[in-house]
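What you see is a predicted model, and the numbers here were worked out from it, not measured in a lab. Every chain is numbered from 1 and lettered A, B, ... according to where its sequence line falls, protein lines coming before strand lines.
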Amino acid sequence: MQIAQVIVDIPTRQTNNPYSYLIPDYLVDQVVPGMRVEVPFGNRKITGFVVAIVNNSDFAGKLKPISSLIDFSPVINEELLQLSSWMADETYSFKISCLQTMLPGGMRIKNKKRLIANDDSVVNQHPEIFDGNHEIDYNRQKLTDKSIAQIIRLQKEGKIQVEYNLTHHAKPIMMKAYQGQLDQGQADSQLAVVRKNAKGQLKLLSILSAHPHETFLRNQLITQGVTESAIKTGEKNGWLKQTLKRHIRNPFLRSVAHTNPLTLQPDQKQAVTRINQAISGKQDQVFLLEGVTGSGKTEVYLQSIAHALETGRTALMLVPEITLTPQIVGRIRSRFGNQVAMLHSALSNGERYDEWQRINSGQAQVVVGVRSAVFAPLRNIGLIIIDEEHDSSYKQTDNPRYQTRDVAKWRAAYNHCPVVLGSATPSLESRARAMKGVYKLLTLPHRINRHALPHVSIIDMKTEMAKHRSILSNQLSNAIQDRLDKHEQIILLLNRRGYSAFLMCRDCGYVPKCPNCDISLTMHKNTHSLNCHYCGHKEPIPTVCPKCHSKRIRFFGVGSEQLEEQVKQLFPTARVLRMDVDTTRKKGSHEAIIDKFGAHKADILLGTQMIAKGLDFPEVTLVGVLNADSALQFPDFRSSERTFQLLTQVSGRSGRADKQGEVVIQTFNPDHYAIQLAQTQDYERFYATEMRVRHDGKYPPYYFTVKLTGNSPSENQTASEMFDILTYLKSHLSAQAIILGPTPKAVTRINNRYYYQIIIKYRKEPNLKPALDEILMQSQKKQRHGLQIAIDNEPLDFM
DNA sequence: AGCACGCCGACT
DNA sequence: GTCGGCGTGCTC
């Protein structure tokens with residue numbers, strides 16, 4: 001007797017223990033781990049993942065049988081199944097949510113699906129399933145048990161496709177196609193006899209020669225220069241046979257010319273050699289590739305990926321959320337062509353599903369994608385790359401709160417392959433590990449072609465503001481006018497976080513800070529006070545600056561729309577493009593803006609952080625940062641690191657080609673070390689300085705941290721429950737553990753729910769894990785009373 | 001989510 | 001006595 005162990009999806013009471021279900025006779029030997037099933041649960045039906053097939057169950061009661069199969073082949077492979085268990089444990093979440101995050105968005109919908117025959121022969125051989133149609137809605141009732149077994153077999157053999165009911169534009173597209181009927185020799189001999197002025201036919205034959213017996217979509221041929229009449233002739237001569245081919249939606253908007261590996265500089269060569277040795281030696285070594293902007297990290301990635309492929313393995317490359325622009329993808333694709341699959345948030349469900357399918361079936365061996373692509377169903381991975389490893393988008397902010405770097409390391413250990421963490425400004429965590437020898441440090445200290453770093457000047461906005469009230473300093477305005485005259489391009493960066501509520505004196509730059517924590521206080525509009533997130537300190541909002549007694553102490557923050565208006569007013573002839581969340585909401589608009597700017601159809605590109613990352617415009621010779629310190633004022637231990645990284649990154653945007661670049665940084669804190677050291681691009685000194693701050697403040701990487709957040713509709717309830725948790729923690733942890741809070745969050749009320757948090761900082765607490773597991777279990781019961789608890793292991797911030 | 005079970009107050 | 005309120009626990 002076969003019994004399936006199923007992780008069920010129960011909305012409330014979640015559990016990591018599987019439930020046992022009988023496998024009905026017709027599904028014996030067909031159900032395998034990794035498939036989703038529908039099962040009876042109480043008096044209704046729910047879905048779940050089969051995680052194991054066993055012979056007997058230790059459940060004492062009477063087992064129920066599986067109701068139906070959702071997948072005919074596993075959607076989660078053995079590796080990812082194991083990963084989900086580790087992840088649930090690591091992130092204090094439930095297996096079911098881990099498994100669901102591993103699937104591409106569109107597939108999480110369960111009910112309906114369609115079966116699509118890949119060719120006519122399947123339709124003809126199985127009238128009992130297809131009834132003469134190419135595509136049918138899957139309907140359990142209409143099919144016999146035997147047919148279902150057939151369907152599973154047909155999918156295994158790749159003769160049919162299963163399409164889940166995704167959004168409307170996710171339908172598979174069948175297009176007119178032609179199958180080549182010639183082998184290479186035949187095509188070549190035809191090529192020799194065809195008239196030399198029959199361009200279309202020549203092109204067609206050369207394609208057939210290069211790809212014998214392949215099937216091509218009609219417009220694939222047309223776009224490559226094969227004429228209509230040439231196709232007709234080809235059909236007539238028996239070179240081609242008309243057929244239908246499933247069109248795989250192509251998320252690459254344009255085709256890319258093939259490029260060859262570039263010659264490496266000595267330090268690049270050294271890095272590639274070390275990485276390739278680890279690939280060949282099947283070592284799960286982590287490398288930290290530290291290279292200044294323009295030092296050629298990408299080429300190191302590309303040649304290492306090539307090596308992984310040469311050894312018959314696959315490669316995974318992760319990039320930050322916003323960076324996944326055509327520029328980067330284009331470079332990967334120009335080297336590896338159709339072996340590349342791309343997974344990012346701008347894809348439609350249908351596109352994402354197609355890419356996922358290409359990876360799962362082994363058609364794509366290189367995956368480029370954002371955070372969630374770390375779960376790409378690649379097999380036999382030979383290399384994992386995380387570009388801009390310090391980027392905050394690698395940590396998921398809601399359940400399961402995983403850190404992509406850690407998942408990558410797990411997969412590397414499983415696949416016996418190296419991980420490369422690349423950055424110009426590594427996170428302190430990673431760099432500290434490299435210093436301890438846990439990671440191997442590889443450095444690329446030189447810019448390719450020895451381009452000089454841009455000249456960076458810092459403008460003190462305190463004195464500027466005293467002169468005039470413009471967002472732009474005189475020096476920046478003059479520099480902009482100069483570039484406009486020279487017909488060169490300009491990028492203006494506005495920190496979106498400047499919107500946030502903090503106080504600052506416009507005359508002396510004073511920002512109220514907590515007396516206990518050395519961190520800026522946050523405006524709490526609802527309580528009319530300044531609060532500290534770390535210790536709960538509160539004080540009234542001052543009406544005059546406590547330092548210089550000026551009355552001009554107020555909120556700080558400018559939006560990108562206002563900036564656009566001002567810039568247009570000051571420079572009426574300039575062509576201005578704005579890029580922020582508002583202008584890039586529509587699919588493809590991000591690319592459209594980049595293309596337009598790249599083609600020099602605009603003079604000024606202004607926007608938020610998203611313009612800082614990974615973009616490479618050779619015509620840009622001036623970068624202006626309008627409010628460099630707005631991130632700095634955030635009441636968070638990582639704000640200096642973020643500021644330094646951002647400024648270093650944007651500075652790299654200026655003057656990458658043969659023109660000298662200039663960067664103007666406007667700030668109210670010209671003396672802050674993050675800004676000073678960004679001016680000289682001195683990562684080493686920043687690292688040393690910041691490490692001391694982290695050490696003194698008992699922050700990561702010196703301490704481990706956990707953030708517990710509770711919320712409920714009642715402020716009293718939230719607070720009292722959080723105090724209960726505090727009591728519980730105190731009784732289970734050692735005296736060395738630092739427990740901060742509970743304190744109300746900066747935005748205490750969201751959607752009429754009140755948020756409180758507790759921060760735990762520790763070095764060694766063997767009892768912490770079981771204590772948090774217990775809190776997680778208890779939180780299920782408390783949910784009934786409206787209280788939600790979130791546990792964030794190693795949070796990115798304390799806010 | 002839904003249903004059973006069981007422990008309390010109000011009532012034919 | 002018992003009907004039914006709802007808080008609690010369970011569903012393979």
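Per the geometry, NZ belonging to A:K782 stands 13 Å off P belonging to C:dG9, to the nearest Å. Atoms CD (A:Q14) and C1' (B:dA1) sit 13 Å apart, rounded to a whole Å. Computed from coordinates, the A:I46 CD1 to C:dT11 P distance equals 12 Å when rounded to whole Å. Distance CD1 (A:I96) to C1' (C:dC12): 15 Å, rounded to an integer number of Å. Rounded to an integer number of Å, the gap from A:Q778 CD to C:dT8 C1' is 13 Å. Between the NZ atom of A:K45 and the P atom of C:dC12 there is a distance of 13 Å, rounded to whole Å. Atom pair A:I23:CD1 and C:dC12:C1' shows a separation of 13 Å (rounding to whole Å applied). Remark: C1' of B:dA1 and CD of A:Q783 are 13 Å apart, rounded to the nearest angstrom.
Classified by interplanar angle (parallel below 30°, tilted 30° to 60°, perpendicular above 60°), the ring pair A:Y402/A:F375 is perpendicular. The aromatic rings of A:F41 and A:Y19 lie perpendicular to each other, with more than 60° between the two planes, well past the 30° mark.
Within 4.0 Å of A:F41, counting heavy atoms only, lies at least one base atom of the nucleic acid.
Closest to the side chain of A:H785, from the set C:dT11, C:dT8, C:dG9, is C:dT8. Relative to the side chain of A:K781, the nucleotides C:dT11, C:dC12, C:dG9 differ in distance, and C:dG9 lies closest.
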Name the pairs: protein N/O against N/O of nucleotides 3-7 of chain B, kept only if under 3.5 Å.
| from | atom 1 | to | atom 2 | distance (Å) |
| --- | --- | --- | --- | --- |
| B:dC3 | OP1 | A:N43 | ND2 | 3.1 |

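Side chain to side chain, A:N133 and A:E135 fail the donor-acceptor criterion of an N or O pair below 3.5 Å.
A side chain to side chain contact (heavy atoms under 4.5 Å, CB included) with A:Y762 is found for one member of A:I738, A:I739, A:V706, A:T705 and no other, namely A:V706.
A:R358 has no carboxylate O lying under 4.0 Å from a charged side-chain N of A:D354, or vice versa, which leaves the two without a salt bridge.
For A:Y19 and C:dC12, the ring-to-base geometry does not satisfy the stacking test (centroid distance below 5.5 Å, interplanar angle below 30°).
Geometrically, A:K769 engages A:Y92 in a cation-pi contact, judged by NZ or CZ lying under 6.0 Å from the ring centre and within 45° of the ring axis.
A:I66 is not listed as a side-chain neighbour of A:E38, based on a closest heavy-atom distance of 4.5 Å or more.
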